[in-house]
Participant: 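If you scroll down you'll find the structure; I have some questions about it.
Just the heavy atoms: all of them, side chains too, but no hydrogens, waters or symmetry mates, feed the values below. Every chain is numbered from 1, with letters handed out A, B, ... down the list of sequences.
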Amino acid sequence: MDRKSVLVGVSGGVDSTVAACQLKTEGYHVEGLYIDNGFPGCASSDAADACNKINIPLHTVYVAHAFRKGIVDYFVAEYAAGRTPNPCAICNKVIKFKYLIEEADRRGLPYIATGHYCRIEHDDLRGIFSLLCGIDAKKDQSYFLFCLGQEELSRLIFPNGGTTKEAVRATSIAEGFGSASPRESQEICFIPDNDYRRFIESFATDIPFRQGDIVTLQGDIVGRHRGIHTVTIGQRRGLNIASERPYYVLSIDKDHNRVIVGRDEEQWCSGLSVSGVSWIDPGFSKNTPQRAFTRIRYRHRGVLSSITPLTEDGRRVAVTFDSPQKAAAPGQAAVFYDGDRVLGGGWIEEVIPND
RNA sequence: UGGGGCGUCGUCAAGCGGUAAGACACAGGAUUUUGGUUCCUGCAUUCGGAGGUUCGAAUCCUCCCGCCCCAG
């Protein structure tokens with residue numbers, strides 16, 4: 001089999017199309033894989049059009065069952081538990097890259113690629129791959145990929161990592177792929193209308209979401225919520241509380257079906273406990289405390305922190321921020337960086353309030 | 001049914017004769033491969049009601065309605 005053969009995950013969007021095109025230009029034998037998650041809004045025709053234009057074969061895997069089990073059920077269960085899920089990060093590990101590798105293996109293609117704005121670096125001395133931020137800081141998507149391991153990274157190519165969104169868009173136009181790029185902003189891919197609250201209600205009819213009180217830290221009842229799944233930490237809009245100043249969701253008390261709110265200055269936290277940590281560099285896992293930048297949400301600039309392992313395998317860590325951060329939410333990803341390099345990341349379990 | 005106070009956007013609230021601030025809430029949009037945040041825009045031709053005075057009233061007068069407080 002051709003050593004320079006690659007299976008590209010194509011969605012039909014600009015990023016993956018340009019990435020595939022780029023690989024072809026570089027001389028790769030390129031094939032496309034469309035991952036059909038079986039949910040509405042998942043339109044394979046765009047992917048087919050894209051592959052036609054760059055003249056590569058397109059394969060499709062239908063993963064509705066796995067997607068539902070691994071992503072949608074998780075998504076709903078997290079909200080039901082009063083947590084804030086990050087389906088994209090999970091999907092990358094459990095669906096996207098998993099099936100890319102599976103299909104690449106089946107077809108004897110050594111490499112896989114996607115349109116993510118990230119880079120991969122190889123340390124020849126240590127034989128280790130690193131995941132780096134994309135050059136375009138505005139579009140960097142490394143936050144969503146912290147789950148990737150050496151296995152994936154060793155076979156991955158990110159053609160867009162070294163360019164900017166602007167350049168990719170320009171290429172798309174130049175190549176005649178379409179300047180329109182219809183739905184550039186896709187939020188949760190399986191919820192086309194972006195109304196995740198309604199999605200949860202209609203999807204999880206077995207979960208008895210009930211109304212409840214909205215209370216302050218002092219215990220004053222200031223409003224009512226329409227179910228714990230309708231709020232998330234840091235949220236301001238939709239609380240329907242008329243007051244001198246806005247209220248924000250501080251925490252969710254699932255057991256008492258209550259939502260705790262407070263003022264802007266009450267949102268800050270000084271640290272986290274993080275579980276399910278995966279370290280990209282195998283050498284990190286049993287390490288001593290270390291310093292790193294922690295990002296607690298996508299497009300968070302990152303805060304210098306001290307990271308202390310709580311278990312021997314390094315899968316659970318305590319994170320202490322050098323300066324307080326706003327509205328960290330259990331269920332969200334905490335991703336650790338050394339400059340541009342992703343060290344690893346995990347899932348926020350507890351948030352330690354400031355003061 | 002004696003005295004006093006108050007009734008301005010969903011909520012709080014400026015205005016005190018010169019032609020309805022602001023905040024919160026809400027709605028829409030921008031941003032965005034998670035949620036949230038943030039930003040932009042919109043949001044009372046009308047001031048409890050009816051009359052009157054005035055060139056002109058939410059602002060002054062009269063009556064009515066509705067609240068609140070103190071007395072009964």
Participant: Are the aromatic rings of A:F75 and A:F203 close, with centres under 6.0 Å apart?
Facilitator: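 A:F75 vs A:F203: aromatic centres not under 6.0 Å.
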
Participant: Could you state the OH-P distance from A:Y74 to B:rU34, rounded to the nearest angstrom?
Facilitator: 13 Å

Participant: Report the base-pairing partner of B:rG66 (Watson-Crick or G-U wobble, both distances below 3.5 angstrom), or none.
Facilitator: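 Result: B:rC6.
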
Participant: Which part of the nucleic acid, if any, lies within reach of A:R263 when heavy atoms closer than 4.0 Å are counted: base, sugar-phosphate only, or nothing?
Facilitator: nothing

Participant: If I pick the C1' atom on B:rU31 and the same atom on B:rU38, what distance separates them, to the nearest angstrom?
Facilitator: 9 Å

Participant: Can a salt bridge be assigned to the pair A:R107 and A:E103 using a cut-off of 4.0 Å between side-chain N and carboxylate O?
Facilitator: yes

Participant: Pick base, sugar-phosphate or nothing for A:Q235, based on heavy-atom distances below 4.0 Å to the nucleic acid.
Facilitator: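 Sugar-phosphate: the residue A:Q235, judged by heavy atoms under 4.0 Å, touches backbone atoms but no base.
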
Participant: Hydrogens and angles aside, do A:Q332 and A:T84 bring a side-chain donor and acceptor to less than 3.5 Å of each other?
Facilitator: no

Participant: Across all strands shown, which nucleotide pairs with B:rC60 by Watson-Crick or G-U wobble geometry, both distances under 3.5 Å?
Facilitator: B:rG52

Participant: With RNA chain B as reference, determine whether A:G234 or A:L145 sits nearer its 5' end, using the nearest nucleotide of each.
Facilitator: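 The residue whose closest nucleotide sits nearer the 5' end is A:L145.
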
Participant: Considering Watson-Crick and G-U wobble pairs with both distances under 3.5 Å, what does B:rG22 pair with?
Facilitator: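 The base-pairing partner of B:rG22, which may sit in any strand shown, is B:rC12.
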
Participant: Taking A:N354 for the side chain and A:W268 for the main chain, is one N or O donor matched with an acceptor at less than 3.5 Å?
Facilitator: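 A pair under 3.5 Å: no.
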
Participant: Strictly under 6.0 Å, is that where the ring centroids of A:F146 and A:W347 end up?
Facilitator: yes

Participant: Nearest whole angstrom, please: distance from the P of B:rU32 to the CD of A:Q141.
Facilitator: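 Atom CD in A:Q141 sits about 11 Å away from atom P in B:rU32.
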
Participant: Distance between the C1' atoms of B:rA20 and B:rC9, in whole angstroms?
Facilitator: 10 Å

Participant: Sticking with atom C1', work out how far B:rC6 lies from B:rG49, rounded to a whole angstrom.
Facilitator: 16 Å

Participant: Under 4.0 angstrom, heavy atoms only, what part of the nucleic acid is A:P87 near: base, sugar-phosphate, or nothing?
Facilitator: sugar-phosphate

Participant: Name the pairing partner of B:rG17, where a pair is Watson-Crick or G-U wobble with both distances under 3.5 Å, or state none.
Facilitator: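 Check on B:rG17: unpaired, no WC or wobble geometry under 3.5 Å.
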
Participant: Do any side-chain nitrogens or oxygens of A:Y248 fall under 4.0 Å of OP1 or OP2 in B:rU38?
Facilitator: yes

Participant: Using the P atom on both, measure B:rG7 against B:rU59 and round to a whole Å.
Facilitator: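 Result for the P pair: 12 Å, nearest Å.
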
Participant: Tell me the partner of B:rU41, counting only Watson-Crick (N1-N3 plus N6-O4 or O6-N4) or G-U wobble (N1-O2 and O6-N3) with both under 3.5 Å; none if nothing fits.
Facilitator: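 Pairing partner, where one exists within any strand: B:rA27.
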
Participant: Mind checking the P distance from B:rC24 to B:rG17? Whole angstroms is fine.
Facilitator: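 Nearest-Å result for B:rC24 against B:rG17 at atom P: 30 Å.
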
Participant: Categorize A:Y196 for me: base, sugar-phosphate, or nothing, with a 4.0 angstrom heavy-atom threshold over every strand shown.
Facilitator: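 Answer is sugar-phosphate: A:Y196 comes under 4.0 Å of backbone atoms only.
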
Participant: I need the NE2-C1' distance between A:H300 and B:rU32, as an integer number of Å.
Facilitator: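 For the pair A:H300 NE2 and B:rU32 C1', the rounded distance is 16 Å.
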
Participant: Using whole Å, report how far CD of A:Q332 lies from C1' of B:rU32.
Facilitator: 13 Å

Participant: Would you kindly give the CD1-to-P distance between A:I252 and B:rG35, to the nearest whole Å?
Facilitator: 15 Å

Participant: What is the separation between atom CG on A:L250 and atom C1' on B:rU37, rounded to the nearest whole Å?
Facilitator: 14 Å

Participant: What integer number of Å spans the P atoms of B:rG48 and B:rG42?
Facilitator: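 Going atom to atom, P in each nucleotide, I get 26 Å.
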
Participant: Taking the C1' atom of each, how far is B:rC67 from B:rC26, in whole Å?
Facilitator: 27 Å

Participant: Is the closest basic N to carboxylate O distance between A:D123 and A:R341 below 4.0 Å?
Facilitator: no

Participant: In B/S/- notation, 5' to 3', how is nucleotides 23-29 of chain B contacted by protein heavy atoms closer than 4.0 Å?
Facilitator: SBSSBB-

Participant: Please identify each residue that fulfils side-chain contact (heavy atoms from CB on, under 4.5 Å) with A:R224, with sequence neighbours left out.
Facilitator: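 For A:R224 the side-chain contact (heavy atoms from CB on, under 4.5 Å) partners, ignoring immediate neighbours, are A:Q211, A:D213.
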
Participant: Could you state the atom-to-atom distance from CD1 of A:I228 to P of B:rG36 in whole Å?
Facilitator: 17 Å

Participant: Tell me the closest heavy-atom pair linking A:C118 and A:Q141, and the distance in Å.
Facilitator: SG-C, 3.6 Å

Participant: Taking the six-membered ring for Trp, are A:F67 and A:F39 ring centroids under 6.0 Å apart?
Facilitator: yes

Participant: Could you give the CG-to-P distance, from A:D136 to B:rU32, as a whole number of Å?
Facilitator: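 Those two atoms, CG and P, are 10 Å apart.
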
Participant: Using the P atom in both, what is the distance from B:rA21 to B:rG10, to the nearest Å?
Facilitator: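 So the two P atoms sit 16 Å from each other.
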
